[in-house]
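Shown next, in structure tokens, is the structure this report addresses.
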Amino acid sequence: MRLIEIIEKLENHSIESEPRDFEVKGISCNSKSVSCGFIFVAIKGTHIDAHKFIPEAIAKGAGAVIIQDSVHEPVKIREYYNQAVFIKVQDTRRALAVLAAEFWAHPSLRLHVVGITGTNGKTTVSYLIEAIVKEAGVTAGVVGTVNYRFKDKIIPSFNTTPGPVELESLLAQMSGEGVGYVAMEVSSHALDQERVGGIDFKSAIFTNLTQDHLDYHATIDNYFQAKARLFKDLKPGSFAVINNDDKYGRKIIGLTKAEKITYSIDGKAEVMASDINFYGKHTEFILHAAGSKTD
């Protein structure tokens, strides 16, 4: 894909230097992994501002650099205008997600990606979805806290939800090897940092929300708003599975345009469980759904 083609997808961008076109060989926000023909996306993180690594990225062969508007320049960027194409955007995190999805040809459009978010239960739900999908004879993939896996491949997990470049590359591999469904744990950090900004979720599941990660989000409302983004961004035709026993789940019901399926133990919902008994290796309960009940 050519540079001019791929940057057309960026929102409100401006080319700051002399425009040049080239075949894009890769995308990275890590200057150390840049090679010739790469686009380097400079992200201002919580502790490190990657704009200061622009000289290193260019020295390694970056043909284009994405910079963020309103960021104080830690280096004299204009001195490098004759060595690479500089493109300014409002949000480089968002730009990275858009570019990664475009570079890997939007693999999530060829998969049924289920996003799972909540304070607790994400990993358990991902395992349940994987087991159900396999039982139905469909190849499943999982992106989560324990690892990333599909078919006979198991990849160590360093983040619950990987960054956009790694994530889109992983989904492209899954799509190429016949995976049908992907169960993806989606952390609040990933939502806030646009790691899943290029993913087309066909469905999303909300487990619960309790006080957590306030060192990052500062307030419980900020934490909730990060989680809620997954449901706000669902497109018409998708569906959301929501815990109706959780007060934040009930808030999400009014925030999403997707078809809603609620579940409950204590209250009323489309799907309910009663007479629950826990055993060492299994759980027994009566399932109430669609006006019927099943043991």
Side-chain angles (χ1 to χ4, degrees), residues 29 43-49 68 70-71 90-98 100 108 113-129 142-148 157-164 166-167 182-235 238-258 260-267 269:
C29 60
I43 291 176
K44 188 179 187 307
T46 306
H47 304 293
I48 299 174
D49 185 353
Q68 185 158 311
S70 76
V71 170
Q90 292 180 350
D91 185 347
T92 50
R93 288 190 186 277
R94 176 67 183 172
L96 181 63
V98 170
S108 64
V113 183
V114 182
I116 310 156
T117 198
T119 306
N120 307 111
K122 296 188 295 295
T123 300
T124 298
V125 172
S126 72
Y127 274 79
L128 290 172
I129 291 173
V142 174
V143 179
T145 304
V146 176
N147 52 41
Y148 316 139
S157 170
F158 298 102
N159 289 303
T160 297
T161 316
E166 183 183 0
L167 182 54
V182 178
M184 182 187 301
E185 294 186 50
V186 184
S187 68
S188 58
H189 292 71
L191 287 159
D192 187 63
Q193 295 171 5
E194 293 282 0
R195 294 185 213 163
V196 295
I199 306 299
D200 180 72
F201 289 97
K202 302 297 190 302
S203 54
I205 300 171
F206 177 79
T207 60
N208 51 54
L209 192 138
T210 59
Q211 189 164 307
D212 199 4
H213 301 304
L214 298 192
D215 56 329
Y216 178 87
H217 295 289
T219 69
I220 191 72
D221 186 62
N222 289 344
Y223 180 37
F224 167 70
Q225 292 300 333
K227 295 285 191 186
R229 284 192 60 182
L230 179 60
F231 300 88
K232 289 179 180 178
D233 292 343
L234 287 175
K235 296 176 182 177
S238 58
F239 66 92
V241 180
I242 302 166
N243 179 2
N244 203 42
D245 287 337
D246 188 284
K247 68 176 182 179
Y248 292 102
R250 293 190 293 273
K251 285 185 178 182
I252 286 174
I253 291 172
L255 297 176
T256 182
K257 297 177 182 177
K260 292 167 275 289
I261 302 170
T262 57
Y263 66 94
S264 172
I265 292 173
D266 300 322

Say you draw a straight line from [atom1] of [X] to [atom2] of [Y]; how long is it, rounded to the nearest 0.5 Å?
X      : Y      : atom1 : atom2 : value
Leu230 : Ser203 : CG    : OG    : 9.5 Å
Phe201 : Asp233 : CZ    : CG    : 9.0 Å
Leu128 : Ile116 : CG    : CD1   : 9.0 Å
Arg93  : Cys29  : CZ    : SG    : 8.5 Å
Asn244 : Ile265 : CG    : CD1   : 12.0 Å
Ile242 : Arg250 : CD1   : CZ    : 11.5 Å

I'd like to check [X] versus [Y] (side-chain heavy atoms, cut-off strictly below 4.5 Å). Are they in contact?
X      : Y      : result
Val113 : Val143 : no
Phe224 : Ile252 : yes
Asn243 : Thr207 : no
Asp192 : Asn222 : no
Leu167 : Met184 : yes

How far apart are the closest heavy atoms of [X] and [Y], and which atoms are they?
X      : Y      : value
Phe231 : Phe206 : CZ-CB, 3.4 Å
Gly198 : Ser108 : O-OG, 3.9 Å
Leu234 : Ser238 : CB-OG, 3.4 Å
Tyr248 : Ile220 : OH-CG1, 3.5 Å
Ile129 : Ile205 : CD1-CD1, 3.7 Å
Val186 : Leu191 : CG1-CG, 3.6 Å

Test your reading of the model: is there a side-chain donor-acceptor pair from [X] to the backbone of [Y], 3.5 Å cut-off?
X      : Y      : answer
Asn159 : Thr161 : no
Asp245 : Asp266 : yes
Ser126 : Ala183 : no

Going by atom types alone, do Thr145 and Glu185 pair a side-chain donor with an acceptor below 3.5 Å? yes

My understanding is that only residues two or more places apart in sequence, or in another chain, count here; which of them pass side chain to side chain contact (heavy atoms under 4.5 Å, CB included) with Gln225? Asp221, Lys232

Residues Arg195, Glu166: salt bridge by 4.0 Å N-O rule: no

Looking at residues at least two apart in the chain, or sitting in another chain, which of them share a ring pair (Phe, Tyr, Trp, His ring centres under 6.0 Å) with Tyr223? His213, His217

Please list, chain by chain and in numerical order, all residues satisfying ring pair (Phe, Tyr, Trp, His ring centres under 6.0 Å) with Tyr127, sequence neighbours excluded. none

